[in-house]
Amino acid sequence: MIAIKFIILVICVLVAYTLGYIFTETKYDLQRYPLFDFEGLKCRKCLSFHISWVLSTFISLLFGDFIMLVFGIIFAAFLFLGLHLDEKKRMEL
């Protein structure tokens, strides 16, 4: 069961990564709508982080597992850190 929960958390991170890309860097950009015009949704790393922790929190509450919640938030933080380092590396080039 632990392996299935781990796979579900990885899928949540992948979905958040994909949705972060779609809603910030394609024609479906959320910034053109005044409702979504605030700092937490403007950049890809922030939007991906927020989607990831919300999804992992929802899934962990669905399973009723506190440890899954902690690991979901850790995975979301690693996603943010990875996207931040990637953005920093692109700016240096």
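- A pairwise comparison of heavy atoms in Y28 and F23 identifies O-CD2, 3.6 Å as the closest pair.
- Under the 4.5 Å side-chain contact rule for hydrophobic residues, L41 and I22 share a cluster.
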Applying ring-ring contact (aromatic ring centres under 6.0 Å, His included) to F78 and F71, what does each step give before you reach the verdict? CA-CA 10 Å; F78 280 136; F71 278 104; over 10 Å; no
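- Shown here for I59 and C12, the closest heavy-atom pair between the two residues is CG1-SG, 3.8 Å.
- Counting only distance, with no hydrogens or angles, the side chain of S48 and the backbone of K45 share no donor-acceptor pair below 3.5 Å.
- If you chain together hydrophobic residues whose side chains sit under 4.5 Å apart, L47 and I11 fall into the same group.
- Within a 6.0 Å radius of CD1 in I2, other residues, nucleotides and ligands contribute 12 heavy atoms or fewer.
- A chain of hydrophobic side-chain contacts below 4.5 Å, direct or via other Ile, Leu, Val, Met, Phe, Trp or Tyr residues, connects F58 to L14.
- For the atom pair CG (L61) and OG (S56), the distance works out to 9.5 Å, reported to the nearest 0.5 Å.
- Hydrophobic clustering (ILVMFWY, side-chain heavy atoms < 4.5 Å, transitive): I4 and F6 are in one cluster.
- The line from CD of Q31 to SG of C43 is 9.0 Å long, rounded to the nearest 0.5 Å.
- The neighbour count for F66 CZ, taken as heavy atoms of other residues, nucleotides or ligands under 6.0 Å away, does not exceed 12.
- When all heavy atoms of T24 and K42 are compared, the pair lying nearest together is CG2-O, 4.1 Å.
- In this pair, H50 and W53 present their aromatic rings perpendicular. The plane angle is above 60°, beyond the 30 to 60° band.
- For I67, the CD1 atom sits in a loose shell: 12 or fewer heavy atoms of surrounding residues, nucleotides or ligands are nearer than 6.0 Å.
- Residue-environment remark: OH (Y17) stays at or below the threshold of 12 foreign heavy atoms within 6.0 Å.
- Across all non-hydrogen atoms, the minimal contact from L79 to S52 is CD2-CB, 4.0 Å.
- The closest side-chain heavy-atom distance from F63 to I8 is below 4.5 Å.
- Tracing side-chain contacts under 4.5 Å through hydrophobic residues (I, L, V, M, F, W, Y), one reaches F38 starting from L19; they form part of the same cluster.
- Note: L30 CG to L35 CG = 9.5 Å, rounded to the nearest 0.5 Å.
- Here the shortest heavy-atom pairing between R44 and E25 reads CD-OE2, 3.3 Å.
- Here the options are K89, R90, K88, the test is salt bridge (charged side-chain N to carboxylate O under 4.0 Å, His left out), and the partner is D86; only R90 passes.
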